[in-house]
Each structure stands twice: as C-alpha cells, then as structure tokens.
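Some notes on the structure that comes next.
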Amino acid sequence: MQPFSAFNLFRRALGGHTSWQAQWRQPSLKSEYDVVIIGAGGHGLATAYYLAKEHGVRNVAVIERGWLGGGNTGRNTTIIRSNYLFDESAALYDHAVKLWEGLSQGINYNVMYSARGVLMLAHTVHDVQSAQRHIHANRLNGVDNEWLSPEECREFCPPLNIAKNIRYPVMGGALQRRGGTARHDAVAWGFARAADALGVDIIQNCEVTAIRRNAAGAVEAVETTKGTVRTKKVGVVTAGHTSVVMGMAGVRMPLESFPLQALVSEPVKPAFPCVVMSNTIHAYISQSDKGEMVIGAGTDVYPSYSQRGALHIAEHTLDAICELFPMFRRMRMLRNWGGIVDVTPDRSPILSKTPVPGLYVNCGWGTGGFKATPGSGNVFAHTIARDEPHPINAPFSLDRFRDGFLIDEAAAAAVAH
Amino acid sequence: MVDISSDRRTVLDGLQFTSPADAEVRIEPVAAMSRLALRGRPGIETAVAPVFGFNLPSTACTSATAAEYAALWVGPDEWLVTAPDGRVDVVKAALEEACAGVPHAITDISHRNVGLTISGPKATWVLSHGCPLDFDLAAFPVGMCTRTLLGRTEVVLWRRAEDTFRIEVWRTFADYLIGFLNEARKELAA
Amino acid sequence: MLIINCPYCGARPEVEFRHAGEAHVARPAGTESLTDEEVVDRLYFRSNPKGMTVERWRHVHGCGRFFNAVRDTVSDFFVTTYKTGEPKPDLEALKAGAAK
Amino acid sequence: MSFRKAAGGRIDRNKPISFSFDGKTYQGYAGDTLASALLANGVHLVGRSFKYHRPRGILTAGIDEPNALVGVGKDDAHYTPNLRAPVIELYDGLKAESQNRWPSLGFDIGAVNDLLLSRFIPAGFYYKTFMWPKSFWTKVYEPKIRAAAGLGRAPETPDAARYTQVYQTTDILVVGAGPAGLSAALSASRSGKRVMLVDEQAEMGGSLLHNLTEVIEGKSASEWVADALTELKANPKVTLLPRATAFGYYPHNFIGINERLTDHLANPPANLPRERQWQVRAGEVVIAIGSLERPLVFPDNDRPGVMMAEAARAYVNRWGVLPGRRAVIATAHDSAYRVALDLKAAGIQIATIADLRGDVSGELVSAAEAAGIRVQRGAVITGTRGRKRITQAHVARIQPNGTAAAPEAIACDLLLMCGGWTPSVHLFSQSRGKLTFDEALQAYVPGQSVEKERSAGACRGLFDLGAILEDGWKAGADAAAAVGGVVAPFRVIDVKGSVKESGGYLGALPHGRNVNTVKAFVDFQNDSTAKDIKLAVREGMRSIEHVKRYTTTGMATDQGKTSNMNALGIVADTLKTPVPAVGLTTFRPPYSPITFGAFAGLARGDLFDPLRKTPSHDWATRAGAAFEPVGQWMRAWYFARPGEDMHAAVNREVKAVRSSVGMFDASTLGKIEVVGPDAAAFMNLLYTNAWTKLGVGKCRYGVMLREDGFVMDDGVVGRLAEDRFHVTTTTGGAPRVLHHMEDYRQTEFPHLDVWLTSTTEQWAVVAVQGPKARDVVRKLVGDFDLSKEAFPPMSVAETAIACVPGRLFSVSFTGEIGYELNVPADYGAALWEAVFEAGREFGITPYGTETMHVARAEKGYIIVGQETDGTATPDDVGLGWAVGKTKPDFVGKRALARPAMSAPDRKQMVGLFTEDPKVVIEEGAQIVLDPNQPVPMKMVGHVTSSYWSPTVGRSIAIAMLRGGRARIGETVYIPMPEGTIAAKVVEPAFYDKEGERLNG
Ligand SMILES: Cc1cc2nc3c(=O)[nH]c(=O)nc-3n(C[C@H](O)[C@H](O)[C@H](O)COP(=O)(O)OP(=O)(O)OC[C@H]3O[C@@H](n4cnc5c(N)ncnc54)[C@H](O)[C@@H]3O)c2cc1C
Ligand SMILES: NC(=O)c1ccc[n+]([C@@H]2O[C@H](COP(=O)([O-])OP(=O)(O)OC[C@H]3O[C@@H](n4cnc5c(N)ncnc54)[C@H](O)[C@@H]3O)[C@@H](O)[C@H]2O)c1
Ligand SMILES: Cc1cc2nc3c(=O)[nH]c(=O)nc-3n(C[C@H](O)[C@H](O)[C@H](O)COP(=O)(O)O)c2cc1C
Ligand SMILES: [Zn+2]
C-alpha cells in the first residue's frame, strides 16, 4: 500500500500524480474463501479489515452488489456519538468512538473525524427528564454528556433560536463534545484500501443470490452473479437488505426496512459549528467540510426498498429546521436522497451468530449505525473469527428477542440517529 | 345550585373571522348545534328513518339532509348527525328507541366539534393550501362529505354549494385552523 | 405522497392513512395455546419482502377503517387493496399479472 | 462602454433600471437578467470558483449556470447566496455581490490555490494528508479547509419572507413551455380537460424566445408563442405558471413545483408570498423540459469570456446584448453555425469556427461559409489566454492519429463552445423511468416509463423544430386521450428554416500539452478537471458513482447539468468501455435548488404545530400560571404568586390540597366512549382488569398493555350503563390508545358489537381534590347525594353539574377525597370559575401539573411515561393486582407469561429516602450498589420521580430498581458529580399508605 502523507502527496505531485496506484485491486472472485462478507458498506469493510488485521484471517472476500460504500454508508448524515442510555449500547458505541479517534492514522486515510460536538435539544419537560437520565447513565459509564441551558446551547450553536415564544422552545440540550461527524465516503474507502492491502478481495458489482447449506445445515457456499464461492463462514452485513439475504439461508429476521431521507443545502461559508439534533421535532443538522448543511429527516412511515422518500417527510424536517434556525429559511435545497434502513423492534442492532452454523449477521442499525462503523466491524470480526461474540456485542444477539432481554433504546425515548 | 347553563363560551369567540380577503373567501362560525356520533350494524340505515325522515346515506362520502337533521357518512358504519342546538337528549332518546333492534352506539359529541363555513370564489383555493383532495366538482360534488386533513388538523369537510363548505373540527384545533386559513388567504387581500 | 385506494372511500392521498404493519399475522382465539416461540415470532419477526408485500393500512383521517393492501416495496406501487377479513390474494397470480 | 445592440431583443428600452454589483451601479432594462445586464455593461468577471478561486464569467443563459453565482438582497433579512446571474430578473435597486473571494473579486488571495498550490491539491487530496499531528485536524486543518470551501455566505438574520403551499389536481400537467410544451398544452387543452403548463423562466417560449430564423405556420417564433399563449390564457381550464420550477417527480404522478412570486419585483406587495410551492397530482404528465448544451473540455476552458454558443445567441437575440466583439467558436455540433450566423448578423466578428469534426457539411455550414465565416474542420482548442477575460484562443488541427498539431493563436474576446446537446432527462429519471443510451445521439433518452408520463421535444432527443412541435402536439393529445379527453386531431406544423442538426462530443479533447499541468475543466464550479477524473480512475474509482464522489464532479449547485456527460465520456475513454457500460449517476430532486422556506410553507410560528388549550387557559394566564407543553396541549404547570418560585408555589399548592382543597384542569385527559352490547367483553380484552362485574355507576383503574406485555396506558374507567363505558387515558396517549383499540376492534374482534368514539374534547374536566372537596362540590350538584355511602370513592354518575348535564366522578389522584366534574366543553370555562367561587370560602387553590405529580408521587401512583418507559410490566410498577389472572385472554396476556417477564432481577418500582432528607435527587439519576467501584459502574436502576414532599416534610423519590422489592430496607447509592447520595429503599408510598384519607 502506498502510504498517504503530506510528503507523498508532495512527491507524487511533482510527477503529476501519475504514480498513484489503485486504492484497492479489482480482483476476480476466487472459488473459495475462509470468510465471505456480504455487503461492502462501512461495517462489512471494517469487519474484513479487522478480520485480517487482528485475527489473521486474510483469505476473505467482501462481495458487493453495487459499488463499495454505495449503501447507507454513502448516504447518511454522518452523526457520531455514543451517549446512549443502556450500558450495553453505551459500551458498543463508545468502543466505536474510541476507534474513530485514531482511525485516520490507524488505516492511513483521513476520514475527517471531526469532534464538533453533538447537541441534542430538549423541547418539553419530558425531553428534559429523558436527557437527564441519559446524562447520568453516561457519566457512570464514563461517556461524556453534559446538560446545557438554553443560553449555553445558543453559545455553543449561535444560529440556534432559543426564543421562549416559539412553538417548541428549546429547554436545554445534552451535549456530547466527543461526538461529531466524519466523511462518509472516506470511511468506506479507507477501510476498503486498508483491507485490500491486507489481502482481502473486494468484489464489486457482484450480487449474492443464494446461500447454500450442507446436510448438517451449516453454510457451505454462496452463489453470486459472478459464480459460486465455497466458504464455511459468511457474515451478512447488508443493512436494508438483511431480510432478503438472510432469507436466502432460510432465516427470518426481526427487521423491517424503511426509507430514510437526507438532504443538503447549497454550500456556504462556515455558519454552523456543531451537530444539532432534535428528536421531538425531527431534525438533524450539521455543516460539512464542503459547506453544505447536511440535514436528516425521520424515516418514512411504511416499509420500502425504493431508496427514496416522500416529499411531505422531507418537508416536515425543513419545517423544524426553519423554526430552529430562521436565518436558514432562505438557504436552498440542493439534493434530497434516501437510503433503506433496517429497523429492529427495540431499535438496537443485531451482531450475532445465527441458528445456522457458519452464518453471522450484523444488522439492525436502523437510522444510526454509521457512528458504530469501526466498533461494529471490530467486534463482529471477533465474533466470526472465534465463533463467539466479543463481550461488547454479546448482548446484541439475535436470541435476545426469544429470551426477552431487549435493549430498548426506542422505548426508553432514545433518539434515532 | 350554581347555574352556569347560560354561560356558554365557544372557542370561536374572539377568533379573527373577518379579513381583507372576504370578497374572495369568507370564513364564518357556525352556531352551536347538537351532534351525535351514530354507529351501528347494517340495518341501522333504515331503522333511523322514522326519526330523521330519511335513511342514512350508505354510499361513501355522501350526506342526507332534511329540515332539522343532517347525516353525514364518515365511515361504513359511522355517521355524523347534526340537529338543532339543545335537542341532543331528545334525538338520542328517539334514536335509541328506533334502533333498538339493531346493535348500535350513539354518543353525544355536540361540544367536541365546532363548525365553520368557508365560502366564496376562492374557497377551494384556500382549502387547497392544507387539503390534498381534488375539489373539482366532478371529484367533490355538492353534498359530498368526508373526514380529511386540513393543515395539521383532522376535519370533516362537507360541500354545501359549489363554493361553500362546512368544516367540522375538534374544538381545540379551531384556533390553529382559523390561523391557517387566514394565513392562506392573506394573498387574496383586496 | 402515494395515492391509496381505500376499499371504502376510493383513491385518497397517503397523508390520510397510517401504515399498520404486516397483514395476516392473525391473533389466534386462544393466545394461551401459543408456544413461546410463536409468541416471539408474532411479536417481532417479519417477512419484510423486497417485492410484493401484504400489509395493513388504516384510513385514519378518512373513514377510519383498517384494510389490507398488496404493494410492491420496490416501486411502492399498490397492486390491490381489500377489506379486512377478506382472504389473502394469490401473490403469484398477482405477480404474473403485474409482469404483463 | 455599452455592449447593447441599438435595437432588438425582448427587453423594454423604455424602462431603464439601475442596479449594483459589488457596490458599483450599472444600468439595465426591464426584461434583463443580471447576466444580460452585466454583459451589456461589459462585465464578464462575475465570480470565483470553489477550490482554485479562478476568475469566472458567465457561461450560460439559464439555470445550468455553474460560474456566475452571486448573493442578492437589499439587506440580510432578504439576502440569498448562490443565485445564478442568468436567471436573476433585474429590478430597480437590485443589489448583488460576488462570492468566494477575498479581499475582492478582482484580487482574490484564494487564487494561490490555483497559481501555486493546485498541483498539490488534486481530487481527494484531503484524504491523503492532514493526519499528523493528530490534534491538528480539528484545530487547524479542518477550519482552514472549511473557510476556503463553501461559496456564498449564509444569511444571519431571520428571513423576512412568507411562503405558502398549495395542493392541486390536474388532468394534464405540461412541464416546460418551449415549442414542445406549448404545442402539447395546445392540443391537451383542446380536449376539455384541466391543463397546467409550468415553466421555470419568467417568460414562456423556451428556446423560441431567441429564435429569429425559423418561421412557424407563417409566423415568427415569437408571434407563434404569443398566439399560443393567448389561446391558452383564454381557456378557463388552463393554468399557466411562469417562474415555476418542477423540482421533483414523486411517486404516483405527484410533482413538486416551486413558483417564485416576488423576487423579480422591486417593491413586492406585502400580501404576496415570496414563493409558492405547488404539489400537483396529475392524471398525465408531459415532460417538455428541453435539452442543455454541453461545454467542450479543453485546457483553460473556464476563463471569463468563454461561453456556451447557444447562450451567446440568446444574449444577442433575446436581450440585445453583445457578449463580445470578436468570437471564436469551437463546436462539435451543427447548432453552433446558427449561432455564428446570428452573431455575425448582430455585428460580432466571427474569427473562426473550429469544428472538431473532420468532414462536416450541410446547409448551415454552407450558409456560414457563404457568409464569409472561416470554418476549420477537424480543429480543436488547445488553450486560451487572458486571466480576467479571454484574449486568445489556440486552435489546432487534429492529426490523423488523433493528437493535436501545433496551435495557432487567434485573438478574441469571446470563445463560444458547443459540445452538443444533452436531453434533460432529470424529471423522467426521477419518475423512475428507465433511460436508454441512444448511440446515434450519444445521449441518454427516456426509455420505459413507470409513471403516467411522456416526454416530448428536445428532452427526448428531438432537435428539429418541426418535429418537436409535432411531437409536443401528439404528446398533449395522447395525454388527453389517456385521461379520457376529446382528442385533438393530429396537426402537421409547418416550419420554414428548420434544419436537422446533428453532432456532439463526450469527454476531453486532445490538446498535445502536458496533461499534468493543464486544467481542462469538467465541473466548472467544483473545479474538477479532466485530469482529476483520470486520477480517480487510476486510483480505482471505476464506478461513475465513485468518480463523482472522489472528484465531486456533478455535486455542485448545478448538479452536473453541464458536467456529467463529459465526465462520463472521460471515464469511458479511460476505461476503454462504452459509455452505457459506465452508467450514470442518479437524478435526485430538486431539479434546481429550492428555498427551504418554500418547503416549510405556512408551518411556522404558531402554525408550526397546533397548540391545544384547555378551558381554563385564559383564566390561568390571568392568574399568572406557568405552562408546560404536553404533546400538543399547553397545560398549567404551577400558579406562582408574586414573589414565589416554582418550588414555593408547588409547596403551597400541595399543602392546600392536603389541608383544604385544590382544583385542577384535567380536561386534557383522553376520553373514549366505549359503547355497544359487547362493550364489557371488549374492555375485558383490551385492559388487564376484569370488567364484567363492574357495576353501573362504578369506576375502576384500568391498565392497558401492548401485545408484547408492556404497559401502554392507564386510566380510570367509569361504567355509565351496561353497554357504555367512559374510558380515560393519559393526555399524550389518547390518539395512540384509540388507534390501538380500533385496531383490535376492527381486525381481531370484529364480531363484537361495540363502537368507540373519542370524547376528549366533548368534556371539560375540573378535578376538585382535598378534605374540603365534598363541601365545594356539594354547592355545584344540587340535591345529588355526595355522601360517602351514596357516592363512595370510584363512583360515577350522570347528573347536573352547575345546572348543565354532566358526569360526576369520585376519583382521587392525590389520595385525598376527590371529584372530577365533567361538563360539555362550552361550559368548561364557566365551570372553572364556578368551582373557584364555590371554593373561595375554603381557600380553594388552583394547582398545575407539577403539584399533581408531587401529590400522586406522595401516594406512590405511577405516571405512564415517567415510571414506565415501554419496558415495564404491570408487576414491575406494582400493578400486578390489576391483572385479571383468571381472565381467559387480554391483549398482552400471553407475552406476559414468558419467563423473562417475571425474572426476579427485573427493574421494579420502589421508593427511595435519601439519607439526608433535604437532598432531592435529580430525576434520571442512576443507582448503584457499590459507590466505590470504578467507571464504568454497574448500574442497577434509575430514579423516575423525585420531589420535595411538603406533606412528608422531606424528599421522596420513586425508582426503578433491579430486584427492587427484595431490596426494601437496603441502602443504595446515587453517585452524582457533587458527591454520592445514599438512600434507603422503601415502599413506593410515602403518605397515608392505608388510604384513610379517602374515608373522611
Ligand atoms: C439518510 C440516512 C441518514 C443516516 N444518518 C445517520 C447518522 O447521522 N449517524 C449514524 O450513525 N447513522 C446514520 N444512518 C445509518 C447508517 O447510515 C447505517 O446504519 C450504516 O451506514 C450501515 O452501514 P452498513 O455497512 O451496515 O450498511 P451499507 O452501507 O448499507 O452496506 C450494505 C451493503 O450491502 C450491499 N448488499 C445488499 N444486498 C446484497 C447482496 N445480495 N449481495 C451483495 N451485496 C449486497 C449493499 O449494496 C450495500 O452496499 C443514516 C442512514 C440514512 C439512510
Ligand atoms: N439545434 C439543435 O440541434 C438544437 C438542440 C437543442 C435544442 N434545440 C431547439 O430547442 C428547442 C427545443 O424545444 P423544447 O420545447 O424541447 O425545449 P426548450 O428548451 O425550448 O424549452 C424547455 C423549457 O422548459 C423549461 N424547463 C426546463 N426544466 C424545467 C423544470 N424543471 N421546470 C419548469 N420548467 C422547466 C425551460 O425553462 C424551457 O423554457 C427547439 O426549438 C429546438 O430547435 C435545437
Ligand atoms: C454527508 C453528505 C454530504 C453530501 N454532499 C453533497 C453535495 O455537496 N452535493 C451533492 O450533489 N450531493 C451531496 N451528497 C449526496 C450524494 O450526491 C448522493 O445523493 C448520496 O450519496 C446518495 O446517493 P444517490 O443520490 O446517488 O442515490 C452528500 C451526501 C452525504 C451523505
Ligand atoms: Zn376510507
């Protein structure tokens, strides 16, 4: 792998940048791998990277239907935080945040992790109570999260409208300073390049069409549009398409797939210093390095694989943005797109072994899995390599629905992203 | 006993009904009236006839009226019945008797709703600011009634004439709704 | 905003409706008889198909009725809607019809 | 020096207009755009590019403009950044400023990026660097990158404008009012159906507005347009919307259209919205949005003075402006010859036409040559000169091996380019129709449709006017037929002077220069060049989607209108694959950028969300109450007297309830009337409790579960008759509960004869609570016997209250004697006042939700949503007693029987007494058993409710604690930032555990 550095950039610039190699190879599909990862999103690529890096499993293929990073990883609002309520969730997401903090250096790719602070607004007494509960739980879990008064919120985010007479006045907010954003594409590309360098084959434009099981019920091969691959271990990391892919192995999932929309404004000079989220009125906003306001909506309200959402959902989000930031009303929407998110009944992910030997699944991140990308890949690689969960993901088993030990971030009034 | 029976205050008091846009669209409050939610198994449509003088409309989104009464189809086993103010107990009793043979339910909702009339050449234009239905006469003929959305409130909309609609709305949403309609017709100000 | 054909009121805009989950996940008369496994399955596991799905909607801001629909989750286009209690349509036949 | 023609064009020379750009005042005319007026004043340098801060001029005459972006607005409350000069209509006093430059447009420090740094900052450079030292990213590098990026500045003052939205249904929607769209609208409108015709521009006519050559049915193009519009305007079933962009094509023929009403006016009428967003449901759609001219990709193709050929023709013909005096025209398409002829006729010298094609001929070429214009066949531009305005174009012959020979420098102040025409398939593609690649055209055109739409004219690859007019006519007629209209007969539209034109090129041109140093721009605004795209491909970005994201080509504010096809050509060429094999990026809404405010529409301020007020709202406001929003409701929180804070007010209110009497507006509680012969059977299934035996006139506290066994809602239910229950729900839960009940009623238990009606708003409710409650209520109910024997706690009666027909409940949520007085809502305000009067002699005290919470917590009553969070079973919160164990079935029963639902270490509701009675724990605080353990600590529960209890005279708290009931008597710890609080686990009832007070 050609190292990325200012020096190398300078050196190769002198040669007109003609000597840069491909960031990943275009390998052809081999007939057998130790592990096949289905889905080259951030989670799948990170899984492959950590399999190779930490577990010495290098004969790995990541098989991707389209282009790597083209799923939700490439279409999300990139909010990163770990101030989740339950111990299990806080541990999982904070594991990720710790990895984010050194990720650019670790994979030698600037993923632009920007700890700009994530401010979650409270608009009702109930919101305040819920935020306080999170803050206290986070503190005892060693996760930073602090309460800001409306005035402090405004100081942290000057465009914020804290007028008392608006329909949903800001009653304060919970701020996680270590939270922030990262460049979505860079995350996928950085992991792809680093995994490729360790020998992982990333096969794009190759759709998995079947998962074959042997007489004992265990995984023996996957069939793809580029041929059949023998393997004893398959990790399914296909986000919105998990029900479809798991169905190929005959496993029903506790999932529904919903469209989730995001949009960007035209780019402007720096005008928004942090990330602001309001779950009560459904709005999420930050400004990207390029200058667009990146805005997220709530999910559309019926399951769909159409990868676009309805106009009225996006509108509802912009209503809220315009109330909270009335100076942005004159800004203009540049592009509005959708992704397909897979949602579990308790809004917590599944990182788990399955009833099928050799089949592992990483899914259910819903509207909020980008933030977990490195942590998820890290513990999922452990699960696949050792055939047993890492302590951090043990609670996130598929069995929890049968056993009744849900990790109900939704019911506990946690927020979506 | 303390007597408040003459101290009736509607939520429409004090709301802004007049507007410089009145020539194009008028919005007016409807006086108090009796309202009943009438539900029942098939057979109820005809069972009520002795009370109302008509059968309940059984075609979706249609209404039937006679001198004192109106019955609006709002669901396959649900009608919104209106009668003059102060008659709710009498009407209810009469209906209970007439419907005795058919399983049914009658609930007084006289105060739950308030009524508005919106009329004028631009009435459908203003309604279209909050309601996605097609107001072309072919699609929404005179006499048609339906529950729907208007802005962020649920309403029952009933076309009384080509350019006149009755709006029934839950009382606490009236304030918002008038504000919404006023804002929508602002541009029509003469 | 989709147009949804309410079996009672006809074609109406999506905002009048509320999606109400997978259809034909019947609740047995005696829930006692369900095994734990079946309980969990009914509660949490969904077929979530890519393609034709059979689902429930309620015309909540209209006639108030729940009803069933067959919809293609890729295009979001409705294939048919029908009243609650009516049998589940033959999806294979509908697919064949849609393909034409 | 004026570059305005003496005559001609569609501007009104009788209406001069003055405007300013970067502080300098200029003159233009009514009908001008900012771009045409600037050009008329000889101003070509208008903006700076995104990354390299290169000087940029006006490239186009339309919405596809990537360079000439400016900020406009008389003050900050009216300021809009990033507007495109060619589509800004001029009005008197318009103030525009250039962007992305410092200190000035003419001298921009940021240009070092171009002059010195550009070789070090190729596509994606930031991914490769800025990683060390680690802390520098957020502190140093990122702020610098951000400051350099962005374009205009965001407004800082709240927007002064209003916006509205309107839904509309039409039979036929025609998008685009060029020849195709006008013709479609004509035939469609003759069918008797409702037709809407929308166009993004101020004037309808599209390309016909600058077409002076062709003669349509014996009329000039502009006469033909005027006649068509006259006919359409006269038809009452036709709606014409100029200045209206169809920005999004949503499922089921739902089209978002943004109409701009005031931006072109110097003094807009106050009652007009700035923009109106139309959401149109169309039976059939005709897409007639034309095509976009493609730039040519050659070195330094971005200088001010480089312009699209057809744009120059539009400036000359439509606005009477000469964009230069001496032009070089570079083309790969016949249409540039028409441009050359028109420009020459206007007095612009045509230095040469450099045509890429070696063997070009035809009517137009002959005409050009006949007019004395030099035509160089097989020629290419290899470079240009002139930093702030082009001075030279370098024209070279393409050699047989495809490379460029040594160039000839040709002086010019205008360089026009035409790489061919790209059909605008944006809306078709958004509708999810399938595109096909037309090899002959080298363009994507609409293929298989999904929605009920059809494309007509240039947007489907037709480029000859006669054919376009006929195509439009047919599309309109077909659409009319599809919606059942009368079909207009086919019409042959005679066009004179129309020539079938062809040509086109995709990708970068040969230039024979050092590929590593020249910049041949593909995406002008985002400064992505041919070599950036090649670098991306070299680095493994082989999917066009990767190329887009790595180089940001097509991601600028024009969304690739000028760049996408050339990028595709370069990728295809680099990969040696055919264009269609590379694919195409996804077209997404909006077609062109749309104001946020227009999406928000009326939903702002008070109209953002309905606010529901209780009957006592005005009274409470006058009494100085503080309010809290609960769902859409606004409820009185506490009634502070002068000098009191919340704490003091609540203490006083609680004491009054305990010692005398208090009153509370409980109207917000959800109410559902459950009626029918099977009402009790239905209640048995929906609530955990047993209802069959509840006597008429009696009440019971009911608990509702979800099917998964967790507590969903609770409330008091009164039985009014055998077949009639008055059910109450939590304030926030009312709609959810009704929906849940309807769901079971209709789908699972349709055999039951029972119906549900929301009566929340029918009844106003005043709760009167306290030892003197009976004395107060007695004054309001006449002869009604309120004695404990006749009307014990948990009774209900339909009786007159203050002489109006009411429903009287004896229920207590405070532990004191209590009544809830329900009257028809119109009487609510009067009742509130009457109760206050009746209670005056007892010092009756109005109280708010906070006191209600404290009083119920003193009794250990739960609040759903506070003690429960969707993971609590009835037993967890001490409501096991309410679960009818012997009932055969109820919703949630089976799920409740799962082993995990009764595990001993579930969180259970307990009370907490802090060791220091003065300490009130914060709600939400977490509980541990060992306060000295390291972080992360093992948490065993959390505090759900916590108050100072004026009654008990100490702090009280309710908590959900793992295995809590078994821990009663133990000490637990609440580690807080200020120190650890120790608390004893107690029963969750702090006052009058035996309920003696109700017997008073
Ligand atoms: C609009 C939006 C906003 C969001 N905002 C946030 C946010 O702010 N913060 C946050 O933390 N999260 C956010 N999320 C969620 C986040 O994007 C996802 O949870 C996360 O990116 C999932 O990553 P992944 O790698 O699991 O899935 P993906 O990136 O979706 O990768 C799955 C891959 O599997 C491939 N695949 C599917 N089927 C097959 C098959 N049969 N064969 C081969 N390959 C297949 C897909 O093509 C895809 O590339 C958002 C999501 C969306 C849509
Ligand atoms: N010489 C050539 O080869 C060549 C090439 C291209 C076009 N043309 C000429 O251009 C014309 C093409 O006619 P046409 O009618 O197809 O196109 P047109 O360009 O004349 O008209 C399209 C109209 O659609 C409007 N529009 C575009 N997108 C819109 C949107 N999203 N919402 C609302 N309005 C939108 C534009 O403002 C424009 O007025 C013909 O006159 C043809 O001769 C010629
Ligand atoms: C954080 C973020 C920022 C984006 N910024 C831009 C942008 O500046 N310009 C743009 O055209 N698209 C932008 N996009 C959107 C992408 O162009 C694209 O719509 C998205 O990745 C989904 O892909 P699709 O639209 O091709 O399906 C951005 C996307 C994300 C996730
Ligand atoms: Zn209906």
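In the text below, chain A, chain B and the rest are named by the order of the sequence lines, each starting its count at 1.
- For A:Asp94, no part lies near chain D; criterion is any non-hydrogen pair under 4.5 Å.
- Both the backbone and the side chain of A:Ala186 come within less than 4.5 Å of a heavy atom in chain D.
- Looking at A:His316, neither its backbone nor its side chain comes within 4.5 Å of chain D, counting heavy atoms on both sides.
- Residue contact with chain D, scored on non-hydrogen atoms closer than 4.5 Å, is absent for A:Ala91.
- Side chain of D:Lys128 to main chain of A:Tyr109: no donor-acceptor pair is present (N/O by atom type, distance under 3.5 Å, no hydrogens or angles).
- Between the side chain of A:His136 and the backbone N or O of D:Glu922 there is no donor-acceptor pair closer than 3.5 Å.
- The contact between A:Asp185 and chain D is made entirely by side chain atoms (from C-beta outward), counting heavy-atom distances below 4.5 Å.
- For the options A:Arg25, A:Arg308, A:Met331, heavy-atom pairs under 4.5 Å to chain D are most numerous at A:Arg308.
- The backbone N or O of D:Gly605 sits less than 3.5 Å from a side-chain atom of A:Glu323, completing a donor-acceptor pair.
- Ring planes of D:Tyr550 and A:Trp189: perpendicular class, angle over 60° (limits at 30 and 60°).
- Each of A:Arg183, A:Lys290, A:Arg116 was evaluated against D:Glu142; a single residue qualifies, A:Arg116, per the salt bridge (Lys or Arg N to Asp or Glu O under 4.0 Å) test.
- Under the side chain to side chain donor-acceptor pair (under 3.5 Å) test applied with A:Arg330, the options D:Asp76, D:Thr157, D:Asp159, D:Thr595 reduce to a single match, D:Asp159.
- When heavy atoms are compared at a cutoff of 4.5 Å, D:Gln430 approaches chain A solely by way of its backbone atoms N, CA, C and O.
- Looking at A:Gln2, neither its backbone nor its side chain comes within 4.5 Å of chain D, counting heavy atoms on both sides.
- A distance of 6.0 Å or more separates the ring centres of D:Tyr127 and A:Phe4.
- Between chain D and the options A:His123, A:Glu292, A:Glu101, heavy-atom pairs under 4.5 Å are most frequent for A:Glu101.
- Listed options A:Ala13, A:Gly291, A:Pro345 were ranked by heavy-atom pairs under 4.5 angstrom with chain D; first place goes to A:Ala13.
- Within the 4.5 angstrom heavy-atom criterion, only backbone atoms of D:Ala77 (N, CA, C, O) approach chain A.
- Neither the backbone nor the side chain of D:Met901 comes within contact range of chain A; no heavy atom of the residue lies under 4.5 Å from a heavy atom of that chain.
- Neither the backbone nor the side chain of A:Ile166 comes within less than 4.5 Å of any heavy atom of chain D.
- Between A:Asp403 and D:Arg898, none of the side-chain N atoms (NZ, or NE/NH1/NH2) sits under 4.0 Å from a carboxylate O, so this pair counts as no salt bridge.
- Contact annotation for A:Gln21: only backbone heavy atoms (N, CA, C, O) come within less than 4.5 Å of a heavy atom of chain D.
- Both the backbone and the side chain of A:Leu68 come within contact range of chain D, judged by heavy atoms closer than 4.5 Å.
- No other option in A:Gln132, A:Met333, A:Gln204 has as many heavy-atom pairs under 4.5 Å with chain D as A:Met333.
- Proximity to chain D (any heavy atom under 4.5 Å) is restricted, for A:Tyr168, to the side chain, taken from C-beta onward.
- For the options D:Tyr250, D:Tyr163, D:Phe50, heavy-atom pairs under 4.5 Å to chain A are most numerous at D:Tyr250.
- Using a 4.5 Å cut-off between heavy atoms, A:Ser265 contacts chain D through both its backbone and its side chain.
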